[in-house]
Amino acid sequence: MVSEKFTKPYNPTENEQSIYKMWEDSGFFNPDNLKEKNKDGDPYCIIMPPPNANGSLHAGHALFVTLQDILTRTARMQGFKALWVPGADHAGFETQVVYEKKLTKEGRSRFQMSREELYREIWDFTQENKKYMENQLRRLGASCDWSRETFTLDEKVIKQVYKTFKKLEEDGLLYRGLRSVNWCPKHQTGLSNLEVEYEERVEKFYYIKYGPFVIGTARPETKFADKYIVVHPDDKRYSKYKHGQTFEVPWINGTIKATLLKDEAGDPELGTGAMTITPWHSEIDFEIAQKYNLPYEQIIDERGRLLPIAGEFAGMKIEEARPKIVKKLDQLGLLVKVDEDYKHSVPVCYKCKREIEPQLKRQWFIKTKPLAQKAIDAIVSGEVKFVTERYKRVALHWLENIKDWNISRQIAWGIPIPAKICKNCNAGFVDLEDKINKCEKCGGEVEKEKDTFDTWFSSGQWPFVILDYPDGDDFKTYYPTEVMETAYDILFFWVTRMIMLGIYRTGKPPFKWVYLHGLVRDAKGQKMSKSKGNVINPIEVSDQFGTDALRMALVVGNTPGTDLNLDVNKIGAYRKFANKVWNIARFVLTQIEQHGQGEINANDQKTLVELQKFADEITEDISKFNLHLASEKLYHYIWHTFADKILEESKSDLQSDNKELASSKATLLLEMLKIQLKLLHPFMPFLTETIWQEIPDDMKDEKFIMISSWPSNIKLKHELA
RNA sequence: GGGCGAUUAGCUCAGUUGGCUAGAGCGUCCGCCUUACAAGCGGAAGGUCGUUGGUUCGAGCCCAACAUCGCCCACCA
């Protein structure tokens with residue numbers, strides 16, 4: 001008797017959670033438990049970009065789950081040894097920022113806590129969130145192997161990251177140096193160039209008399225200690241002065257002695273062509289200072305206040321000091337003119353949008369050029385391929401112009417940098433076993449490095465870490481993995497770094513394919529954000545429409561690498577589709593129950609052959625990563641070919657007195673239903689499994705559609721065109 | 001300053017190597033509770049595929065220029 005379930009419309013929430021539990025209990029997410037056809041199959045591995053363990057999943061997570069799950073499920077049904085490895089990310093700076101906001105709400109501050117306290121609290125916070133996040137992944141249908149799940153602060157991760165750090169030192173690719181870093185005065189940490197954004201601002205631009213010169217600046221508050229003036233060697237305006245010539249310059253807090261430098265760094269086109277330098281608070285100025293071995297002095301402290309060198313302005317915040325300084329300059333007769341609407345872009349912290357104040361800091365840097373070169377080679381040779389050609393060019397451009405990577409962060413939440421620092425000469429030494437107790441250079445006293453790693457330094461090693469390089473079975477079986485599927489906005493942060501560090505440690509890039517998806521925006525194409533109130537919570541949507549409907553809405557028409565506008569109406573449309581499939585199944589199963597199975601007649605065999613061709617086409621689309629086409633075709637075929645035509649036209653036979661004819665037709669419909677359910681399963685796993693469970697055991701090849709055999713002989717093999 | 005993407009029905013988007021009488025969802029209009037499905041069925045309206053020029057037997061698709069919107073990178077004393 002066809003289940004009573006079928007008398008009602010399809011109710012996703014009634015079925016999804018129990019179906020997922022059934023899958024998970026079966027153990028088949030773990031390829032080690034799969035049957036022979038998979039065990040002997042080729043490996044197919046996707047490493048999941050570990051979601052941050054600091055909040056709930058957003059629509060972007062739902063998109064990656066959908067895409068990666070489609071690939072994994074297809075591969076599994078195809079007989080591959082299919083493995084999708086989940087993880088959770090401690091997400092260093094990101095999480096600390098989230099937690100600091102929480103502290104602020106509670107009226108607390110991290111600056112009132114010890115590092116250890118803060119670390120412990122955030123640890124507990126992430127462990128809670130991690131569970132929450134994992135269950136959300138389950139809700140989205142992720143067929144990943146939970147037995148292999150790894151947290152990015154797990155012991156094995158830290159060990160590997162330390163090994164890489166040590167190896168970099170041994171290979172001469174690591175140095176600790178005084179460098180200009182992007183300092184965020186709010187978060188009290190240095191940031192990488194990638195974590196700095198630029199904002200267009202209109203500010204005042206001041207022309208100030210500096211001895212015989214006039215200099216232009218938007219930041220007069222940094223100029224207290226400027227003792228060097230730079231012009232271009234070919235700038236005719238200054239040809240009467242010589243390189244190295246000195247001047248008595250009446251300045252803000254008294255007369256100083258200034259020296260002229262003629263250097264190509266001076267740009268004759270800009271302002272007056274003359275500039276003074278502030279090495280402590282400008283990267284370019286610092287480079288000039290280093291070139292000529294000039295002294296440098298700190299003017300602004302880490303909180304953005306002026307230091308005693310500013311005299312009467314000491315202790316003031318920049319915003320407060322600037323107008324006062326300008327006023328004084330004017331009174332001294334040094335202010336030449338003010339350009340009122342000077343348009344320029346200022347660097348800001350990507351989290352708090354506070355203006356970045358460059359500071360000189362001793363930090364750990366990786367020499368990235370040699371690593372980048374190997375990554376470039378791997379991409380150019382096609383060892384790593386990109387699904388979207390344009391991102392290949394973007395990645396190459398970035399790698400070709402790469403700068404050394406500052407991996408030090410002054411935050412508590414992260415992997416501690418295992419090193420000792422000399423209190424006397426500031427030299428730093430990598431120290432994995434806590435063995436170094438005096439400076440290897442000067443014999444001075446050493447202390448433990450307090451900084452932590454940039455979180456991307458450890459996540460850049462994720463694939464070989466999680467698969468247990470070098471001796472783990474997983475590493476031997478699955479590395480290099482098949483596809484790295486993630487959002488394009490972390491191409492530089494993560495993907496290129498994984499290629500670099502993967503090759504560096506293992507000799508091979510960590511994946512064969514890079515599939516970058518776009519951002520999920522709201523129906524109007526606006527970025528989703530809490531403040532706009534346009535965030536689509538994937539779990540709420542799943543509750544309302546069913547996970548399968550959400551998945552279809554995320555994949556149909558979503559070309560790789562392009563942003564997707566997600567309209568709730570679209571999700572509703574696929575809920576209707578789910579119900580349509582449900583009703584198709586009810587009809588077919590009722591017919592087969594009534595008429596029994598028979599021989600499919602010769603004419604109908606042709607219909608089956610047509611469907612077979614269609615199945616091949618879907619397989620090829622998936623091979624080419626054209627999931628947006630495959631899903632749309634499935635929708636169209638099932639609804640408008642199968643239901644509207646084949647099924648409708650079969651009704652006369654099914655109602656005929658000729659029992660043989662009726663059972664033959666019912667059998668055809670059953671066969672076709674099974675093939676379609678299988679093809680649809682990677683896209684709409686819950687619905688298809690729910691229906692599959694209603695098909696009598698003797699009419700199907702496997703108990704779970706999840707591990708049933710794929711209805712096409714074409715082998716899944718990723719290639720484009 | 002350098003680079004990239006988009007522009008197709010009222011809205012949001014597909015259209016894979018040029019063959020298209022240009023599709024889907026939502027929306028609109030007309031008619032249907034026809035025993036799988038009203039979350040449905042049958043039917044209809046709606047597009048000079050951003051503009052201009054070129055290549056071709058044939059262009060939404062290829063080339064060139066322009067326009068508008070968006071994104072990325074670099075840098076700004």
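Computed from a predicted structure; not experimentally measured. Chain letters run A, B, ... following the sequence lines, proteins first, then strands; residues in each count from 1.
Regarding A:Asp489, its CG atom lies at a distance of 19 Å from the P atom of B:G70, rounded to whole Å. In this structure, the CD1 atom of A:Ile402 is 16 Å from the C1' atom of B:C72, given to the nearest Å. If you take CG of A:Asp621 and P of B:U16, they are 11 Å apart, rounded to a whole angstrom. The CZ atom of A:Arg219 sits 17 Å away from the P atom of B:C75 (whole-angstrom rounding). If you measure from atom OH of A:Tyr635 to atom C1' of B:C26, you get 10 Å, rounded to the nearest angstrom. Taking atom NZ of residue A:Lys527 and atom P of nucleotide B:C69, one finds them 20 Å apart after rounding to whole Å. Straight-line distance from the CG atom of A:Leu629 to the P atom of B:C13: 17 Å, rounded to whole Å. Following rounding to the nearest Å, A:Glu719 (CD) and B:U17 (C1') show an atom-to-atom distance of 14 Å.
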Can you give one letter per nucleotide of nucleotides 1-9 of chain B, going 5' to 3': B for a protein heavy atom under 4.0 Å from the base, S for sugar-phosphate only, - for none? ---SS----
Nucleotide by nucleotide, 5' to 3', does protein get under 4.0 Å of the base (B), only the sugar-phosphate (S), or neither (-) in nucleotides 34-42 of chain B, counting heavy atoms? --BB-BSSS
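Here, B:A64 and B:C26 have their P atoms 39 Å apart, quoted to the whole Å. Distance noted for atom C1' between B:A65 and B:A24: 33 Å (whole Å). Look at the C1' atom in both B:U56 and B:C66: the space between them is 23 Å, to the nearest Å. Comparing the C1' positions of B:G15 and B:A22 gives a spacing of 8 Å, expressed to the nearest Å. B:C11 and B:C30 have their P atoms separated by 22 Å, given to the nearest Å. The separation of B:A67 from B:G27, taken at their P atoms, amounts to 39 Å, rounded to a whole angstrom. The C1' atoms of B:C57 and B:C4 are separated by 35 Å, rounded to the nearest whole Å. Rounded to the nearest Å, the gap between the P atom of B:U51 and that of B:G10 is 14 Å.
Between A:Lys570 and A:Met275, the residue anchored nearer the 5' end of RNA chain B, judged by the nucleotide with its closest heavy atom, is A:Lys570. Comparing A:Tyr342 and A:Lys633 against RNA chain B, the residue whose closest nucleotide sits nearer the 5' end is A:Lys633.
Take A:Lys369 and apply the side chain to side chain donor-acceptor pair (under 3.5 Å) test, not counting sequence neighbours, and it matches no residue. Considering only residues two or more places apart in sequence or on other chains, A:Tyr350 meets the side chain to side chain contact (heavy atoms under 4.5 Å, CB included) condition with A:Phe93, A:Glu94, A:Glu195, A:Glu197. Looking at residues two or more places apart in sequence or on another chain, you find a side chain to side chain donor-acceptor pair (under 3.5 Å) between A:Glu617 and A:Lys633. Listed by chain and number, the residues in a side chain to side chain donor-acceptor pair (under 3.5 Å) with A:Lys659 amount to none (sequence neighbours excluded). Every residue two or more places apart in sequence or in another chain that forms a side chain to side chain contact (heavy atoms under 4.5 Å, CB included) with A:Thr619 is listed here: A:Gln78, A:Trp710, A:Ser712, A:Ile714. Partners of A:Thr688 according to the side chain to side chain contact (heavy atoms under 4.5 Å, CB included) rule, which considers only residues two or more places apart in sequence or in another chain, are A:Leu677, A:Leu680, A:His681, A:Ile705. Checked against side chain to side chain donor-acceptor pair (under 3.5 Å), A:Glu620 has no partners two or more places apart in sequence or in another chain.
With the 3.5 Å cutoff on both pairing distances, Watson-Crick and G-U pairs in RNA chain B assemble into runs of at least 3 at B:1-7 with B:67-73, B:10-13 with B:23-26, B:28-32 with B:40-44, B:50-54 with B:62-66.
Within 4.0 Å of A:Tyr488, counting heavy atoms only, lies no atom of the nucleic acid at all. Heavy atoms of A:Asp567 sit nowhere under 4.0 angstrom from any nucleic acid atom. Counting non-hydrogen atoms under 4.0 angstrom, A:Asp285 reaches nothing in the nucleic acid.
Closest approach to the A:Glu632 side chain among B:G25, B:A14, B:C72 is made by B:A14 (side chain taken as heavy atoms from C-beta onward). Which of B:G25, B:U16, B:G15 sits closest to the side chain of A:Thr559 comes down to B:G15.
Contact check on A:Asp621 versus A:Lys624 returns no salt bridge, with no Lys/Arg side-chain nitrogen under 4.0 Å from an Asp/Glu carboxylate oxygen.
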Tell me which donor-acceptor pairs under 3.5 Å the side chains of residues 485-492 of chain A have, and how far apart each pair is, sequence neighbours excluded?
residue: A:Glu485; atom: OE1; partner: A:Gln68; partner atom: NE2; Å: 2.7
residue: A:Glu485; atom: OE1; partner: A:His517; partner atom: ND1; Å: 3.4
residue: A:Glu485; atom: OE2; partner: A:His517; partner atom: ND1; Å: 2.4
residue: A:Tyr488; atom: OH; partner: A:Asp563; partner atom: OD1; Å: 2.8
residue: A:Tyr488; atom: OH; partner: A:Asp563; partner atom: OD2; Å: 3.2

For residues 200-208 of chain A, tabulate all N or O donor-acceptor pairs below 3.5 Å that involve a side-chain atom, not counting sequence neighbours.
residue: A:Arg201; atom: NH1; partner: A:Glu355; partner atom: OE1; Å: 3.0
residue: A:Arg201; atom: NH2; partner: A:Glu199; partner atom: OE1; Å: 3.0
residue: A:Glu203; atom: OE1; partner: A:His344; partner atom: NE2; Å: 2.7

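Here A:His628 reaches the OP1 or OP2 of B:G15: one of its side-chain N or O atoms lies under 4.0 Å away.
Checked options A:Glu297, A:Glu357, A:Gln359; the residue passing with A:Trp280 is A:Gln359 (criterion: side-chain hydrogen bond (donor to acceptor under 3.5 Å, both in side chains)).
Between the side chains of A:Asn11 and A:Thr13, a donor-acceptor pair is found at a separation under 3.5 Å.
The cationic group of A:Arg497 lies under 6.0 Å from the six-membered ring centre of A:Trp405 and within 45° of the ring axis, placing it in a cation-pi geometry.
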